[in-house]
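Fair warning: this is a prediction, and the values are worked out from it, not measured in the lab.
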Amino acid sequence: MSVSTVMSGPDAWAESLADQISAYDSRQRDARTAGRARAAVITAFGRALSGAPASMAKALLGTSGVATTGGSSLVFGTERRTSAVDAALINATAAVAGSEASRDAANSACIVALFGLCEERGKTGQDFLDALISGAEISPSLAPTLSPATGQLGFALFGGVAAAARVLELSRPKIAAALLMAGMANVDSPSAGQVGASSLMVGLSLRSGLLAALLAEALDEASCAEMIRSEGRAIPSPAAGNGAPGETAFDLLAVPSPPGANLWDQFERQAGAVLPRDHIAPLFERLETIDKVKDLATVSRLLQGRGAQAAPKKVVFAARGTHEPEETTWVP
């Protein structure tokens, strides 16, 4: 998409992006892109597991009304299953907390938020990967429309909305409405940090982006079209230029391991923070071949924390001299 296209107004920008999202053909995906996507998924899941014990993620789980039980989307590293939007909130928050201040923390947050939606909707691993790649290919088109202040989070947010639109199979008017709703709530959010309020801010942004897509799904097309006409002006005018000067092009799949790190070694260390040891290798293998997974429940079962396992019974010995021998009727 050219700058001249988006400069005609926010509503035209949303409609133009909606056209691109609808027209995306997953058959054009090449093996290299699929490989990068799988590596990004492994890294993102490892970060979310590593950050699951973070104070902010634990506080969210303990807050009344947040992540109530009864849904089908897993909060990583726990036994809690909740709605896709609340799983997105906590898993995205954990992913940032476990990213060790990496510049691409928002990318990991976007990936784990998308997984919860796919799990809730009964999608396959291939569907998950296709949606992620489509979001990655659309998100660079956002560069002329976002101010540098939004940082990586702005791109990850709208890339996540694009990916969710693919999962939900939204029509063009509904995609445009979802983009507008997500933009009104989040376009001025600052870039991601590592822990505390910054990780919560990312989680809230990704949650509201997913909620925008789900609201668009629930609205009828006439209401979406009216929203595009009347509310498009609520989005700040597109910025001239392509993001902050000197920044490299945004890439939603750019979730690299530290230089010299082995992907398996990194994942094993991160997942070990909350997972039973016998879950880690099978989980890694499934993520390596995520496009072959037909039922995402086989992945999420391995993402459940130690609390999902029956704790071994503790053997308690009586204090010396306090145990009385049991009576018996045995006679020699």
Side-chain angles (χ1 to χ4, degrees), residues 41 44-45 47-99 105-123 127-128 131-132 135 153 156-161 163-165 167-168 170 178 181-182 184-186 189 192 195-219 273-275 296-297 299-305 307-308:
V41 168
F45 277 46
R47 289 174 172 180
L49 290 167
S50 177
S55 58
M56 186 59 75
K58 292 170 68 175
L60 284 168
L61 278 173
T63 301
S64 176
V66 176
T68 55
T69 57
S72 55
S73 299
L74 182 73
V75 177
F76 288 11
T78 75
E79 295 181 86
R80 182 87 61 93
R81 288 188 180 274
T82 186
S83 66
V85 290
D86 278 357
L89 167 63
I90 300 177
N91 291 336
T93 299
V96 177
S99 293
N107 292 9
S108 293
C110 176
I111 292 169
V112 297
L114 179 63
F115 179 81
L117 176 64
C118 290
E119 185 179 19
E120 183 178 83
R121 293 305 175 98
K123 299 297 183 178
D127 295 331
F128 170 50
L132 173 59
L153 178 55
L157 167 66
F158 287 107
V161 173
V167 173
L168 299 173
L170 299 184
M181 285 188 283
M184 284 186 281
N186 297 279
S189 295
V195 294
S198 295
S199 63
L200 174 62
M201 176 271 297
V202 176
L204 288 169
S205 293
L206 271 297
R207 179 189 188 278
S208 56
L210 179 54
L211 180 60
L214 290 167
L215 285 171
E217 180 188 38
L219 289 167
V274 289
L275 295 189
L296 291 180
V299 177
S300 66
R301 280 195 292 268
L302 294 171
L303 285 164
Q304 291 182 180

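With T82 contributing its side chain and T68 its backbone, the two residues share a donor-acceptor pair below 3.5 Å. Judged by distance alone, the side chain of R80 and the main-chain N or O of L61 form a donor-acceptor pair under 3.5 Å. With hydrogens and angles disregarded, no donor-acceptor distance shorter than 3.5 Å links the side chain of D86 to the backbone of S73. At distances below 3.5 Å, not a single donor-acceptor pair connects side-chain atoms of E120 with backbone N or O atoms of G71.
Between V75 and N91 there is a side-chain heavy-atom pair separated by less than 4.5 Å. Side-chain contact check for L200 versus L60: some heavy-atom pair is nearer than 4.5 Å. Side-chain contact between L214 and L117: present, with at least one pair of heavy atoms (C-beta onward) separated by less than 4.5 Å.
Annotation: the span from L296 atom CG to D127 atom CG amounts to 8.0 Å, rounded to 0.5 Å. Taking CD of E79 as the start and CG of L303 as the end, the distance is 13.5 Å to the nearest 0.5 Å. Between T93 atom OG1 and R207 atom CZ the span is 10.5 Å, to the nearest 0.5 Å. Taken to the nearest 0.5 Å, the OG1 atom of T63 stands 9.0 Å off from the CE atom of M56. Separating the CG atom in L211 from the CG atom in L204 is a distance of 11.5 Å, to the nearest 0.5 Å. Atom CG of residue L210 and atom CG of residue L157 lie 10.5 Å apart, to the nearest 0.5 angstrom.
The two residues V161 and G209 come nearest to each other via the heavy atoms CG2-O, 3.7 Å. In this structure, S99 and R47 approach most closely via the heavy-atom pair OG-CD, 3.2 Å. Contact between A106 and L153 at its shortest, heavy atoms only, is CB-CA, 3.9 Å. The minimum heavy-atom distance between A213 and A164, with the atom names listed, is CB-CB, 3.9 Å. Considering all non-hydrogen atoms of both residues, R81 and S300 come closest at NH2-OG, 3.0 Å. Contact record, A52 with A94: N-CB, 3.9 Å, taken as the closest heavy-atom pair.
Ring geometry for F115 versus F128: interplanar angle over 60°, hence perpendicular rather than tilted (30 to 60°).
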